[in-house]
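Excluded from the calculations below are hydrogen atoms, water molecules and symmetry mates; all remaining heavy atoms, backbone and side chain alike, are included.
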Amino acid sequence: MPVAALEGIPDLETRLDRVDRFALAILEHAEEIAVALHADFGMRSEVLSLGTDVSGVISKVEELRANLADWLRAREVPGSAESGVPTFIQVRPKGVVGVIGPWNFPVGLIASPTLEALGAGNRVMIKMSEIPHRTAEVVAKAVASRMSPEEVVVVRGDAKTAAAFSALRFDHIIFTGSPQVGAYVAKAAGENLVPVTLELGGKNPVVVGADADVAFAAQRVSEMRLFNGGQVCLSPDYVFVPRDKVDDFVTAFETNVRSIFPTYAENPGAVSIVNDRNYARVTALIDDAELKGASVIRMLPADEAAMLPNPAARRIPVTLILNATEDMEITREEIFGPVIVVWPYDEVSQPVAYVNSRPSPLGAYWFGNDGEDFQEFLDKTTSGGVTRNDLGLHWNVPGTPSGGVGRSGMGAYTGKVGFDTFSHLRTVTTSELPVSAASRLLPPNVGDENMVMLSGIVEQVRGAIAARVEA
């Protein structure tokens with residue numbers, strides 16, 4: 001029998017202690033994690049790593065400490081006592097949660113679900129990506145310094161290890177990564193009927209509305225595309241701009257890129273592509289587009305043109321692509337690098353149709369007023385979340401769910417939604433009725449008198465519904 005079953009449901013103090021110790025394990029090794037991430041990427045600012053992968057645990061702990069006591073309380077079902085069946089919903093841990101993390105934010109995106117799973121009273125096994133292997137080693141050491149293996153354990157290893165991990169009989173699995181790998185995780189989990197939460201990627205669209213400030217939109221789009229070298233699941237992959245404003249957008253985009261990176265080839269603020277395979281993949285997307293006739297604008301100082309792209313440093317210049325066509329790989333594959341495609345449009349129905357003809361993205365973005373065009377975009381497209389006048393912001397608002405839809409994900413977590421995801425909500429009811437629930441359909445209650453009564457009820461309701469349908 002599992003340890004968790006023998007010990008029963010952890011109380012509030014036990015949960016908060018585990019949450020605190022896990023967070024402390026990360027925070028005590030913050031600088032070491034930042035150094036390891038820099039080494040794993042080849043070039044990644046330690047400030048960036050502290051601000052993304054590490055600092056997020058602070059707000060998560062604060063949220064759990066502020067709300068966990070309320071989230072744990074049994075939830076009374078209104079009106080049930082008056083109906084003779086007083087009922088409440090018991091909030092229980094699921095058991096053991098498997099957390100499978102990505103390589104782009106390898107600490108932050110395992111820490112958040114782990115803390116929520118611990119708050120929900122579970123034990124956790126973490127499988128870290130093998131790509132940032134130095135970081136995985138530091139995190140494994142850090143967690144072991146504060147948590148027993150029966151509470152949280154970090155597993156390292158290659159794709160075979162990940163496959164074996166996904167096939168374990170967990171009580172829940174949460175995976176963050178690509179749709180391709182997510183499909184394998186879901187299939188392996190399905191063999192054991194393990195519920196899964198999948199946080200996947202996608203080709204996230206931006207629409208610059210006809211009433212938008214184009215320079216403002218270009219600035220914010222360029223900043224998000226540059227963030228972490230474009231290696232962010234919420235980054236924009238393509239932008240729709242009103243046809244007569246495309247040149248203005250491109251000029252403003254390049255102006256902002258050059259402002260952020262007056263030099264690029266050796267700038268310590270520019271994040272390298274994480275490994276040779278991904279570097280080759282992104283450069284191949286650009287080359288394919290250029291070969292097939294796209295206009296490729298590489299935004300870098302003239303004296304660095306001969307230095308980039310640089311396979312040794314895995315540096316790709318910020319690149320904007322115009323005149324793309326559907327036969328180009330870059331219009332189909334998620335880019336995950338400092339590259340973006342710009343499309344012109346004449347009517348808002350065009351970007352709406354384009355987005356709808358493709359798998360639902362993790363994020364969708366709009367720049368402009370909250371007018372009819374935005375409402376059409378909001379009503380007629382589907383995505384994991386939407387941000388207007390910025391990018392990725394919907395993922396960071398406390399109290400909101402984070403998740404994808406369709407190919408960009410399944411289920412959600414963060415905050416109360418995350419707590420519920422990693423909890424089993426069990427209905428507990430008591431009968432104060434004079435007869436049993438089953439007796440109504442057993443002899444002698446199944447005689448002609450009851451048949452007439454039930455038939456009358458069915459006919460009455462059927463007639464009411466038919467009247468509504470035919471009105």
Has Glu347 got more than 12 heavy atoms of other residues, nucleotides or ligands less than 6.0 Å from its CD? no
Should we say atom CD of Glu329 is surrounded by more than 12 heavy atoms from elsewhere, each under 6.0 Å from it? yes
CD of Gln460: more than 12 outside heavy atoms within 6.0 angstrom? no
State whether Asp171 and Lys94 are salt-bridged, where the test is any N-O pair (Lys NZ or Arg NE/NH1/NH2 against Asp/Glu carboxylate O) under 4.0 Å. no
Look at the side chain of Ser235 and the backbone N and O of Met224, then say whether any donor-acceptor pair between them is shorter than 3.5 Å. yes
Crowding at CZ, Arg169 (>12 non-hydrogen neighbours, <6.0 Å): no
Heavy-atom closest pair (Ala30 atom, Val54 atom, distance to 0.1 Å) is CB-CG1, 3.7 Å
Can any side-chain N or O of Ser55 pair as donor or acceptor with the backbone N or O of Gly51 at less than 3.5 Å? yes
Ring centroid separation Tyr413 to Phe422 under 6.0 Å: no
Can you pull out every salt bridge (Lys or Arg N to Asp or Glu O under 4.0 Å) where at least one residue sits in residues 377-386? Sequence neighbours excluded, please. Glu376-Lys380
When you measure from the centre of the six-membered ring of Tyr365, is the NZ or CZ of Arg388 under 6.0 Å away and within 45° of the axis? no
Charged tip of Arg358 within 45° of Tyr354 ring normal and under 6.0 Å: yes
Using 30° and 60° as the class boundaries, would you call the ring planes of Trp103 and Phe41 parallel, tilted or perpendicular? tilted
Between Glu199 and Phe175 (side chain of the first, backbone of the second, donor and acceptor by atom type, cut-off under 3.5 Å), is there such a pair? no
So does Ser439 get a backbone contact from the side chain of Ser436, meaning a donor-acceptor N/O pair under 3.5 Å? yes
Which heavy atom of Ile173 sits nearest a heavy atom of Ala189, and at what distance? CD1-CB, 4.1 Å
Test item: side-chain donor near acceptor, Thr421 and His172, under 3.5 Å: no
Does Arg156 use its side chain to pair, donor to acceptor, with the backbone of Lys127 at less than 3.5 Å? no
Glu334-Asn204 side chain donor-acceptor pair, cut-off 3.5 Å: no
Heavy-atom donor-acceptor pair, Ser408 side chain to Pro361 backbone, under 3.5 Å: yes
Among Arg146, Arg123, Arg21, Arg15, find the residue that satisfies the salt bridge (Lys or Arg N to Asp or Glu O under 4.0 Å) test when tested with Glu151. Arg21
Give a yes or no answer on whether the side chain of Asp70 reaches the backbone of Arg73 with a donor-acceptor pair at less than 3.5 Å. no
